[in-house]
Number of protein chains: 2
Amino acid sequence: MSDLLERLRRRGWRMTAQRRVVAEVLDGEHVHLTADEVLARAAARLPEISRATVYNALGELVLLGEVREVATDGRAKRYDPNAHRSHHHLVCSDCGTIRDVHPGGDPLADLPASERFGFTVSGAELTYRGRCPDCAART
Amino acid sequence: MSDLLERLRRRGWRMTAQRRVVAEVLDGEHVHLTADEVLARAAARLPEISRATVYNALGELVLLGEVREVATDGRAKRYDPNAHRSHHHLVCSDCGTIRDVHPGGDPLADLPASERFGFTVSGAELTYRGRCPDCAART
DNA sequence: TCCTACGATGGACGAATTCCAAGTCAATAC
DNA sequence: GTATTGACTTGGAATTCGTCCATCGTAGGA
C-alpha cells in the first residue's frame, strides 16, 4: 500500500532482511502495536530475528520520523505508523487499545505565553481516556 | 496547609504511620515526585518504610482521586498531588521536569461523537512538550 | 569478488513495578 | 483497657519492558 519501504531506501536506510520485515509489519497493520507484537509478527516471517534488532529498528524509525512512539501509562510503548497525518489518541483504560482521533481545536494556540514559563514549546499531545465498547460490554 | 490527611480520614482511609507519612510528603511538596522520591522523603521520617508500601499507598491515593499519576515516556511515573484543580502538563523533553499549565479551550468539547468510536470517554490529558529554560541555556 | 563499516544476535543487565506469604497493627467491640 | 480481626506492612522474589555489549554476519560500494 504505502511506500514506506521505498521512502526508507531513498533516505539511505541500509536495508537488511530484518529491517525490511519490521517496516513491512508496521506498514501493513494500521494499528498501534507494542514492540513485542511487532517482534511476534516479524518472527512469523523471519524466525531468527532478535528482540534487540526489533528495538533498534523501531528506535531508528522513530528518529527518522516515520513512526510515532505512544507511551500509555505503565504499559509497553506502542508504535504508530501513521506519523504523517497529525492526530491524537483515544485510549481504552481497561485493555489499552488505541484509536486515532482528529478533534477540532488547536492545543498549541490555547497555551498563552504567560503559561509557558520560558519553555520552548515544540508540540502537544492530547490523549482521551475512556472504555472501549468491548470492555464496556464485558462490564 | 491542605487538609489532605483530614479528608482521607473522613473518607475512612485506614491511617497507619506509613500512610500518614506518604500523604504528608505529597501534601507538603507541590512538585511532581517519582515513587522513588516519595520513598526517599518518607524514609527520612520513617526509615523502616518499605518500597512496596509506598507503591500501595500511592496506588490507593490514585484510586481515591486524591493524586494523579503522570506517565512521561519511558521514565518513572510521577505523582501529582494537585488532583483537584483541573490542569495539564508541560514537560521538558530533556530533563523531565513538569510544570502545571492551564490552557484555554476544552479538549472534551473538541471531540465530536463521530470521533468517539463508541467509547465512553471519561477525560482528556493534554501534554505539552518543550525544553525548559535551564536545559535551553545548557545547550 | 572483495572489503569494511554498519547491522544483527542473544544473553546479561537494569530500572520500575508488582506479587506473595508471613508478620503486625488500627479500629471496633466488649 | 483488652481482645479481636481484617486490613496493612514487609522484603525479597518475580515480572515486565527495555538497553547494553562483545561477537558474528552481511549489504553495498570499489
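Just so we're on the same page: letters track the sequence lines, and every chain starts at 1.
Atom CG of residue L39(B) and atom OG1 of residue T34(B) lie 9.0 Å apart, to the nearest 0.5 angstrom. The CG atom of D3(B) sits 12.5 Å away from atom CZ of R9(B), with the distance rounded to the nearest 0.5 Å. If you take CZ on F119(A) and CG on L111(A), they are separated by 10.5 Å, rounding to the nearest 0.5 Å. Taking CG of D106(A) as the reference point, atom CG of D110(A) lies at 6.5 Å (rounded to 0.5 Å).
Along DNA chain D, the stretch of nucleotides lying under 4.0 Å from any heavy atom of chain A spans, 5' to 3', dC17(D) to dG28(D).
Of the residues in residues 39-54 of chain B, those placing a heavy atom less than 4.0 Å from an atom of DNA chain C are R51(B), A52(B), in numerical order.
Checked against salt bridge (charged side-chain N to carboxylate O under 4.0 Å, His left out), E37(A) has the following partners two or more places apart in sequence or in another chain: R78(A). Considering only residues two or more places apart in sequence or on other chains, E48(A) meets the salt bridge (charged side-chain N to carboxylate O under 4.0 Å, His left out) condition with none of them.
Between R41(A) and E24(A), none of the side-chain N atoms (NZ, or NE/NH1/NH2) sits under 4.0 Å from a carboxylate O, so this pair counts as no salt bridge. Under a 4.0 Å N-O distance rule, the pair E66(B)/R11(B) qualifies as a salt bridge.
By the 30° and 60° cut-offs, the orientation of the rings of H102(B) relative to H87(B) is tilted.
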request  = Would you mind building the protein contact string for nucleotides 23-30 of chain C? One character per nucleotide, 5' to 3', B for base within reach (heavy atoms under 4.0 Å), S for sugar-phosphate only, - for untouched.
outcome  = --BBS---
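At a cut-off of 3.5 Å, with distance as the only test, a side-chain donor of D100(B) or H32(B) sits close to an acceptor on the other residue.
Shown here is R51(A), whose CZ atom has no more than 12 heavy atoms of other residues, nucleotides or ligands within 6.0 Å.
Panel note: side chain R19(A), backbone R14(A); a donor-acceptor pair is recorded below 3.5 Å.
Computed from coordinates, the K77(B) NZ to dA15(C) P distance equals 18 Å when rounded to whole Å. Rounded to whole Å, atom P of dT9(C) lies 11 Å from atom CZ of R19(A). The CG-P distance, from L58(B) to dA16(C), rounds to 14 Å in whole Å.
Taking five base pairs at each end of the helix from dT1(C)-dA30(D) to dC30(C)-dG1(D), the local helix axes there meet at an angle of 30°, rounded to 10°.
Heavy-atom distances to DNA chain C give each of N56(B) and R75(B) a nearest nucleotide, and the one nearer the 5′ end belongs to R75(B).
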inquiry  = E125(A) vs L126(B), test: side-chain contact (heavy atoms from CB on, under 4.5 Å). Steps then yes/no.
reply    = CA-CA 6 Å; E125(A) 284 162 31; L126(B) 184 45; over 6 Å; no
